[in-house]
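Notes follow the structure.
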Amino acid sequence: MPTVAENNKRIAKNTVLLYFRMLLIMLVSLYTSRIVLRALGVEDFGIYNVVGGVVAMFSILSGSLSSAISRFITFELGKNDLNKLKRVFSASVTIQIILAILIVVVAEIIGTWFINAKMNIAPDRLQAANWVFHFSILTFVVNLINVPYNATIIAHERMSAFAYISILEVMGKLAIAYFVQIAPIDRLIFYAILMFGVALIIRFIYALYCRRHFEETHYHFIWDRQLLKQMFGFAGWNFIGTSSSLLRDQGGNILLNLFFGPVVNAASGIANQVYTALYNFSTNFMTALNPQITKSYASGDYDYLMKLIYNGSRFSAYLLFLISLPVIINADYLIKLWLGIIPDHTVLFVRLILIFAISESITSPLVTAQLATGNIRNYQLIVGGLKLLNLPIAYVCLYFGGAPSSVYIISIVVSQLCVIARVYMLSKLIPFSVMYFYRKVYINIIYVMIVSVIIPVSISAFLNHGTLSFLINCFTSFLSSLFTIYYIGCSKDERAYIIGKTRSFIHNYLHNTRDNNK
């Protein structure tokens, strides 16, 4: 059985690997977004995002099962039951194949009708939108079947493989950005075809790696009624939370299309790309941490579980805030530098969606711990019910003349209500202290953010827009956040640990440098 020190070392190593992956992915994604936006134009870029949103709505049917698969695979790995693990994996693949067939049928019937009859798309681009829809469904299905393989790699904490395959995927998307500029057919259709091709290649790479390294991933058709009942029972209640998140995100995007058209969808699509790029920095840390949370619960190590939850909540929020603050302050300059053109509402959308991301990151470890218990009925009824309020409230607000940004503001408010609900629900299942969380985690995070913004916002108010001002703003934002996190956000023991590791790194670096110079 690995020790706590070994587990912490593994988490740190995996986090570094995932951050390296994410840095490369973010740089390439931002570059390709600029090229694709210019190649497609603002309207076609908006069409691709909103049609993709329609397809993503069908993951309401799959998202809950995907979460169940990840939880069951990681849980059985923590229990060290290889035979049960094999059955869980094979049952998971069977479920995903059946679900993929169902989604194709339902999506082609309902989705095609919705795009052609209800969406705000110019008649001359409707045919292209339909082609995008069909290939987006195929891409979605390929990614769906890939879920058990991806979950197995993460459960085994083989983050190096996960990182390398993800880097290969983003290199494929970089190639797409080049080829779409020289498309022999309609660029929007060609872009959708190439995205499907990359997804298909990555699917086979994941399957090949898993079959070579993990014994349990040799698929055999299985129909274990008891196991399927457990998984569908878990997925059934998780369906509420999954559907509420998708309705909030993709439903909000569709509402923007219905009320304002594709140009606002382009702004929303850009904001979502910034959100994905930066939020993944935080989720990389959680990807490394999540298997340990589930395994510690499965093994009954509650002391370590509490430590992971409390520290995970703080540091996932700190990491995201550290990189988000410079973007929030300099959003207008960065988007102009990145894209060359700025669709209306983009700057405000980016700022609001990053605030929402920070709010969500606070409770990421709580969600993982809740799922690890398997007892999620009441949790999903309350938290999922709160998240479901996003769409009707946003619709009413837009119907009575609300600004496009109101969709994001509503999401932030509801997210904070969900923080309260998640904390309360988790305290009913495990030895989780609500007061300790609010005092040492939540209030600490809020305090760090308030103190951090004072200096950079004050300096930004006296500077003109330009490259020098941008560099000064980024430098002061990053340093202000870093020092505030260190002195206010970290405990005395954590500061001592950071100093010790820093000194050890400098000592080893200087020692290796002297040896190389001899």
Side-chain angles (χ1 to χ4, degrees), residues 46-47 49-67 103 106-107 110-111 113-115 117-121 133 136 140 235-273 275-276 279 345 348-360 363 367 376 379-422:
I47 290 172
N49 277 281
V50 73
V51 171
V54 173
V55 175
M57 291 288 284
F58 288 96
S59 58
I60 288 176
L61 301 174
S62 66
S64 55
L65 275 171
S66 298
S67 297
I103 285 176
V106 174
I110 298 176
W113 165 80
F114 185 77
I115 288 172
K118 296 296 181 180
M119 296 200 68
N120 187 1
I121 297 173
F133 178 70
S136 295
F140 177 78
W237 290 114
N238 200 41
F239 175 83
I240 300 173
T242 305
S243 60
S244 61
S245 295
L246 284 164
L247 286 170
R248 177 196 63 208
D249 299 336
Q250 302 305 332
N253 197 27
I254 292 172
L255 284 180
L256 291 175
N257 175 266
L258 296 175
F259 282 92
F260 302 104
V263 173
V264 175
N265 285 125
S268 177
I270 292 166
N272 278 311
Q273 289 193 24
Y275 163 80
T276 300
Y279 188 60
H345 308 288
L348 181 56
F349 283 5
V350 166
R351 286 170 172 159
L352 290 174
I353 204 168
L354 290 181
I355 294 171
F356 167 77
I358 294 168
S359 175
E360 288 290 283
T363 53
V367 175
I376 61 171
Y379 167 79
Q380 293 295 8
L381 285 173
I382 294 175
V383 178
L386 283 172
K387 288 195 291 183
L388 283 171
L389 295 175
N390 276 282
L391 198 59
I393 294 175
Y395 177 83
V396 171
C397 186
L398 295 178
Y399 182 81
F400 286 103
S405 57
S406 60
V407 173
Y408 293 95
I409 295 172
I410 291 166
S411 295
I412 294 169
V413 174
V414 174
S415 175
Q416 284 297 295
L417 295 176
C418 289
V419 171
I420 299 171
R422 284 169 178 147

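By convention here, the first residue in the shown sequence is residue 1. Computation of the quantities below employed the complete heavy-atom set of this structure, encompassing side-chain atoms and omitting hydrogens, waters and symmetry-equivalent molecules. Quick caveat: nothing in here was measured; it's all calculated off a predicted structure.
Here the closest heavy-atom approach between residue Ala403 and residue Leu398 is recorded as O-CD2, 3.6 Å. Shortest non-hydrogen contact noted between Ala271 and Ile353 is O-CG2, 3.7 Å. The two atoms that bring Arg422 and Thr363 nearest to each other are NH1-OG1, 3.0 Å, heavy atoms only. Closest of all the heavy-atom pairs between Val407 and Ala394 is CG2-CB, 4.3 Å. The two atoms that bring Ala267 and His345 nearest to each other are CB-C, 4.3 Å, heavy atoms only. Shown here for Val264 and Pro404, the closest heavy-atom pair between the two residues is CG1-CB, 4.3 Å.
For Phe259 and Tyr399, the distance between ring centers is not under 6.0 angstrom.
With values rounded to the nearest 0.5 angstrom, Ile393 atom CD1 is found 11.0 Å from Ser406 atom OG. Distance CG/Leu391 to OG/Ser411: 9.5 Å, rounded to 0.5 Å. How far CD1 of Ile382 is from CD1 of Ile420: 12.5 Å, rounded to the nearest 0.5 Å. The distance from atom OG of Ser268 to atom CG of Leu256, rounded to the nearest 0.5 Å, is 5.5 Å. One finds the CD atom of Gln416 at 10.5 Å from the CZ atom of Phe356 (value rounded to the nearest 0.5 Å). In this structure, CG in Asn390 is found 7.5 Å from SG in Cys418, a value given to the nearest 0.5 Å.
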(request) Given side-chain contact (heavy atoms from CB on, under 4.5 Å), test Val367 with Tyr379 step by step and report yes or no. (result) CA-CA 10 Å; Val367 175; Tyr379 167 79; 3.5 Å; yes
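Using bins of under 30°, 30° to 60° and over 60° for the plane-to-plane angle, the ring pair Phe349/Tyr408 lands in the tilted bin.
A donor-acceptor pair under 3.5 Å is absent between the side-chain atoms of Ser359 and the main chain of Ile355, judged by distance alone.
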